[in-house]
Amino acid sequence: MKTPTADAPVPVPVPEPATDPEAAFLAEPETPVRVAVVLGSNREGRFGPVVADWLLGRIRERDDFLPEVVDVASVLLPTTLSPSPGAAAELAKVTPALAAADAFVVLTPEYNHSFPAGLKNLIDWHYTEWRAKPVALVSYGGLAGGLRAAEHLRQVFAELHAVTVRDTVSFHGAGAAFDAEGHPRDSTGPKAAAEVMLDQLAWWARALREARVKRPYVG
């Protein structure tokens, strides 16, 4: 056997290439955001379904959302907030969808400078379902476009530890803003506003979903 001399080169280990955590995270496929679209009006003859159908069309054009509709008019929740078999049966219609959602879009008209009592009742029957999740607001009404109702909802959701996204979609003079087929007469403005709002909602939904997994929310 040949004995290496003192002058023989010593093999130098080649370090493994460093893994970029951010690049690895970005390379992972994104799980679509489960979004609950909440129709906030239960008034007879309501205009909300027209706005909701248009919005759902915008959501379904994207591949980053999985929408599910939660309609205030589909449940008869008592206003006493007291547990009962009847309340439990009605909650079973909506609570699972709210609990499973990563994000929410709440559609509201404006009644007397605020949002409908039925929507407040649905919100008040739940708590953990809203926590540490983002909420986008879509409003409709007369001259104010439901914006006062949307601003009141920001205060309510802040108390529930939810995050409302900055940009909204609002329809002023909503009845005249849509044609007989349910399409906005101004097709560009509302669509552009919806894209900005949904982009923000998707960002917050993914960020908060990851945060809830890594560090459960305390509040």
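These numbers come from the heavy atoms of this one structure, side chains and all, not from hydrogens, waters or symmetry mates. The residues of the chain are indexed from 1 along the displayed sequence. What you see is a predicted model; the values in this text were computed from it and never measured.
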Derivation and outcome, side chain to side chain contact (heavy atoms under 4.5 Å, CB included), residues Y127 and H161
CA-CA 9 Å; Y127 180 65; H161 301 262; 3.4 Å; yes
How far apart are the C-alpha atoms of R154 and L137, what are their side-chain angles, what is the distance that settles it, and do they pass the side chain to side chain contact (heavy atoms under 4.5 Å, CB included) test?
CA-CA 9 Å; R154 290 189 189 278; L137 300 171; 3.8 Å; yes
Could you walk me through whether E68 and V37 pass the side chain to side chain contact (heavy atoms under 4.5 Å, CB included) test, one step at a time?
CA-CA 6 Å; E68 183 170 1; V37 178; over 6 Å; no
Run the side chain to side chain contact (heavy atoms under 4.5 Å, CB included) check on I123 and V156 step by step: do they pass?
CA-CA 9 Å; I123 293 171; V156 172; 3.9 Å; yes
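By the 4.5 Å heavy-atom criterion applied to side chains, V169 and L55 are not counted as neighbours. Residues L208 and P134 have side chains in contact (heavy-atom distance under 4.5 Å, counting atoms from C-beta outward). Side-chain contact between V70 and L39 is absent, with no heavy atoms from C-beta onward closer than 4.5 Å. Side chains of S139 and P109 form no contact here, defined as non-hydrogen atoms less than 4.5 Å apart. V38 places a side-chain heavy atom less than 4.5 Å from the side chain of L122. When side chains are defined from C-beta on, T108 counts as touching L153, because their heavy atoms get closer than 4.5 Å. Using a 4.5 Å cut-off on side-chain heavy atoms (C-beta onward), D64 and P32 make no contact.
Between L201 atom CG and F104 atom CZ the span is 10.0 Å, to the nearest 0.5 Å. Atoms OG and CD, on S114 and Q155 in that order, are 9.0 Å from each other to the nearest 0.5 Å. Between K191 atom NZ and H183 atom NE2 the span is 12.0 Å, to the nearest 0.5 Å.
The number of heavy-atom neighbours closer than 6.0 Å to CG of N112, taken from other residues, nucleotides and ligands shown, is 12 or below. The number of heavy-atom neighbours closer than 6.0 Å to CH2 of W204, taken from other residues, nucleotides and ligands shown, is 12 or below. Environment of CG in L143: sparse, with no more than 12 heavy atoms of neighbouring residues, nucleotides or ligands closer than 6.0 Å. Shown here is R212, whose CZ atom has more than 12 heavy atoms of other residues, nucleotides or ligands within 6.0 Å. Counting heavy atoms of neighbouring residues, nucleotides and ligands inside a 6.0 Å radius, atom CZ of R185 exceeds 12 of them. Heavy-atom neighbours of R62 CZ from other residues, nucleotides or ligands within 6.0 Å: above the threshold of 12.
Formation of a donor-acceptor pair under 3.5 Å by the Y140 side chain with backbone atoms of G48 is found in this model. For the pair W54 (side chain) and P49 (backbone), a donor-acceptor distance under 3.5 Å is absent. For E90 (side chain) and L76 (main-chain N/O), a donor-acceptor pair under 3.5 Å exists by modelled atom type. For T164 (side chain) and V135 (main-chain N/O), no donor-acceptor pair under 3.5 Å exists by modelled atom type. Although no hydrogens or angles enter the test, the distance criterion places no donor-acceptor pair under 3.5 Å between the side chain of Q200 and the main chain of L198. The closest donor-acceptor contact from the side chain of D102 to the backbone of R34 lies under 3.5 Å. Judged by distance alone, the side chain of K133 and the main-chain N or O of A101 form a donor-acceptor pair under 3.5 Å. Side-chain atoms of D124 never come within 3.5 Å of backbone atoms of L81 as a donor-acceptor pair (strictly under, hydrogens ignored).
When all heavy atoms of P190 and S187 are compared, the pair lying nearest together is CD-C, 4.2 Å. Nearest heavy-atom pair across H172 and G145 is ND1-N, 3.4 Å. Residues V50 and G182 share a closest heavy-atom pair of CG1-CA, 4.0 Å.
With hydrogens and angles left out, the side-chain atoms of D186 and T188 include a donor and acceptor closer than 3.5 Å. Side-chain polar atoms of T128 and H126 form no donor-acceptor pair below 3.5 angstrom. In this structure, a donor-acceptor pair under 3.5 Å is present between the side chains of Y111 and S41.
Residues V105 and V94 do not share a hydrophobic cluster, defined by chaining ILVMFWY side chains whose heavy atoms lie under 4.5 Å apart. F65 is connected to V51 through a chain of hydrophobic side-chain contacts under 4.5 Å among Ile, Leu, Val, Met, Phe, Trp and Tyr, so both are in one cluster. Under a hydrophobic clustering in which Ile, Leu, Val, Met, Phe, Trp and Tyr are joined whenever their side-chain heavy atoms come within less than 4.5 Å, directly or via other members, F47 and L56 fall into the same cluster. Each of L147 and V196 belongs to its own hydrophobic cluster when Ile, Leu, Val, Met, Phe, Trp and Tyr are linked at side-chain heavy-atom distances under 4.5 angstrom. Each of L66 and V33 belongs to its own hydrophobic cluster when Ile, Leu, Val, Met, Phe, Trp and Tyr are linked at side-chain heavy-atom distances under 4.5 angstrom.
Ionic pairing of K93 and D71 is not present here: no N-O contact between side-chain nitrogen and carboxylate oxygen is shorter than 4.0 angstrom. With salt bridges taken as basic N to acidic carboxylate O contacts below 4.0 Å, none links R148 and E151. Under 4.0 Å is where a charged nitrogen must lie from a carboxylate oxygen, and between D53 and R58 no such pair does. Ionic pairing of E30 and R206 is present here: one or more N-O contacts between side-chain nitrogen and carboxylate oxygen are shorter than 4.0 angstrom. Comment: K214 engages E210 in a salt bridge, judged by a side-chain N to carboxylate O separation of less than 4.0 angstrom.
The aromatic rings of F171 and F178 are tilted relative to each other, their planes meeting at an angle between 30° and 60°.
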